[in-house]
Protein chains: 2
Amino acid sequence: MTTPDPVAPPPDTSHQELIDALVQASFATMAVLSRIAAEHDLSLTQLRVLAILRDRRIKMRDLAGYLGLDKSTISGLVDRAEKRGLLQRAPNPADGRAVDVFLTGAGVALADVGADLVARCLDPMTSRLTMAESRRLAALLARAFEI
Amino acid sequence: MTTPDPVAPPPDTSHQELIDALVQASFATMAVLSRIAAEHDLSLTQLRVLAILRDRRIKMRDLAGYLGLDKSTISGLVDRAEKRGLLQRAPNPADGRAVDVFLTGAGVALADVGADLVARCLDPMTSRLTMAESRRLAALLARAFEI
DNA sequence: TATTGTTATACTCTATAACTATA
DNA sequence: TATAGTTATAGAGTATAACAATA
C-alpha cells in the first residue's frame, strides 16, 4: 500500500499537541459545567438554555439553532423547564406559527446563580495564570474559534 | 443591601473574558466531537470509551473513573459496544470480582478513524494559528488545566 | 408549498437501589 | 465488611416521522 490515498490527504499532525490540549481542556470544562448543572437539578443542556435566554426572548426555532438540536427536542426541553417555572412560552406577535420563549424571574435568578458558579468553579484553572497570560489565552481561543 | 455577603465572597471577575472564551471554545469542540461520533453511530461517551481503551486494557471500575460515571452506566455502555463488536469483556486475572474491557480489532480501527477525524475536523480552528501560537495556546491550556 | 411547532415513538444515557460474588 | 459488577427501574435527552396551523 504505497499508493497515496486518492480521497483525502493524511491529516496535518503538526497541531496534534494543541488538539489534545483542546480536547482535554474541553472535557474538563464540560465536567465543571455538568456538575454545576447537576447540583441544581439541571442538565447541561438546560443550563445552556438558561444562559442563552438570560438576556433574550427568542423563538423556539432559534433556540434549536443555538443549541444545534432538533425542534422536537426543544419542545421537550421547554416543556420540562416551563413545568419547573423557569421559563414561559408566548405567541410570537409577528408570526402566527412561531412561539417565543423567555425566562421567568425564577429562571433569571437561577441563570445568575449559574453564571456566578461557573466563574467560581473555573477559578482554579484561570487563577493558575497571570492576568497577561489569561488575556493571551482568551485572545488565542477567540482567534482559533472566531468568537 | 450594602452589607457584604457573609457566606461567600463575590467571584473574581478579572478572568471573565477567559471564562467566556473557555466555555465557548469547549462547546464548539464538543459539537465537533459529537458530530464525528454521530456520523459513526456513536454517542460522545462511546467515542470517549474508544479513545480511552485505544491503548489500554482496564477494569470496568477504572473506566467509570475516567468517564466520571456510575458503574451501572458503564455496564450499559459496555453492553452496547460489546454487542456491536467494538470491545470485549474478560475476567481480571488478579481479582475475581473485577472485569477487564479492551477493544477488538474493529474497535481499534474505529478508534483510529475517530482520532484521525478529530484532527481533521479541528483543523479549521488550529490552522488559524501560526505554529508558534499553536504551541503557546497548547502550553497555556496545559498549565491552566494541569494536563 | 414551505415553515413552525407539537406529538408519538424508539433508543441512548444516566443515576439510584437492590442484588450476587469475591476480597 | 467492603468492593466490583449486574440488573431493574425511572427519568431526561435525542432524533425521525407524521401531523396541524400558519405563511
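Proteins get letters first, then strands, A, B, ... in listed order; numbering begins at 1 in each. All values below were derived from every heavy atom in this structure, side-chain atoms included, with hydrogens, water molecules and symmetry-related copies excluded.
- Of the candidate nucleotides D:dG5, C:dT4, D:dA15, D:dA15 has the atom lying nearest to any side-chain atom of A:Asp70.
- Taking atom CG on B:Asp41 and atom C1' on C:dA10, their separation rounds to 14 Å, with Å as the unit.
- Between A:Leu77 atom CG and C:dT6 atom P the separation is 12 Å, expressed in whole Å.
- As a whole-Å value, the separation of B:Arg84 CZ from C:dT12 P is 10 Å.
- Contact check, B:Ser43 against C:dT12: no side-chain N or O comes under 4.0 Å of OP1 or OP2.
- Among the nucleotides D:dA15, C:dT4, D:dG13, the one closest to any side-chain atom of A:Gln46 is D:dG13.
- Side chain of B:Thr45, nearest nucleotide from D:dG13, D:dA4, C:dT14: C:dT14.
- In this structure, CG of B:Asn92 is placed 14 Å from C1' of C:dA21, rounded to the nearest angstrom.
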* Audit row: B:Leu69, B:Ile74, side-chain contact (heavy atoms from CB on, under 4.5 Å) steps and yes/no -> CA-CA 7 Å; B:Leu69 299 172; B:Ile74 306 302; 4.2 Å; yes
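- Partner B:Val78 forms a side chain to side chain contact (heavy atoms under 4.5 Å, CB included) with one of B:Gln88, B:Lys83, B:Met60 and no other, that one being B:Met60.
- Remark: C1' of D:dA20 and CG of A:Asp95 are 15 Å apart, rounded to the nearest angstrom.
- Each of D:dA4, C:dT14, D:dA12 was ranked by its minimum atom distance to the side chain of A:Arg80; first place goes to D:dA12.
- The side chain of A:Thr73 contributes an N or O atom lying less than 4.0 Å from OP1 or OP2 of D:dA15.
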### Message
Go through it in stages, so that I can follow the logic: the residues are A:Phe145 and A:Leu22, the test is side-chain contact (heavy atoms from CB on, under 4.5 Å), and I'd like the CA-CA distance, side-chain angles, deciding distance and then a yes or no.
### Response
CA-CA 11 Å; A:Phe145 287 88; A:Leu22 271 176; 3.8 Å; yes
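- The interatomic distance linking A:Leu63 (CG) with C:dT6 (C1') rounds to 15 Å, in whole Å.
- Between B:Arg89 and the phosphate of D:dT6, there is a side-chain N or O to OP1/OP2 separation shorter than 4.0 Å.
- Between atom CZ of residue B:Arg136 and atom CZ of residue A:Arg136 there is a gap of 5.5 Å, rounded to the nearest 0.5 Å.
- Counting to the nearest Å, the C1' atom of D:dA21 and the CE atom of A:Met60 are 15 Å from each other.
- The nucleotide whose nearest atom lies closest to any side-chain atom of A:Arg97 is, among C:dT14, D:dG5, D:dA21, D:dA21.
- Of the charged side-chain nitrogens involved, none lies within less than 4.0 Å of a carboxylate oxygen, so that A:Asp62 and A:Arg57 do not count as a salt-bridged pair.
- Between B:Asp100 and A:Leu69, it is B:Asp100 whose nearest contact on DNA chain D lies nearer the 5' terminus.
- Computed from coordinates, the A:Glu39 CD to C:dT14 P distance equals 18 Å when rounded to whole Å.
- Between D:dT7 and B:Ser72, no contact under 4.0 Å exists linking OP1 or OP2 to a side-chain N or O.
- For D:dG5, the OP1/OP2 oxygens have no side-chain nitrogen or oxygen of B:Ser75 closer than 4.0 Å.
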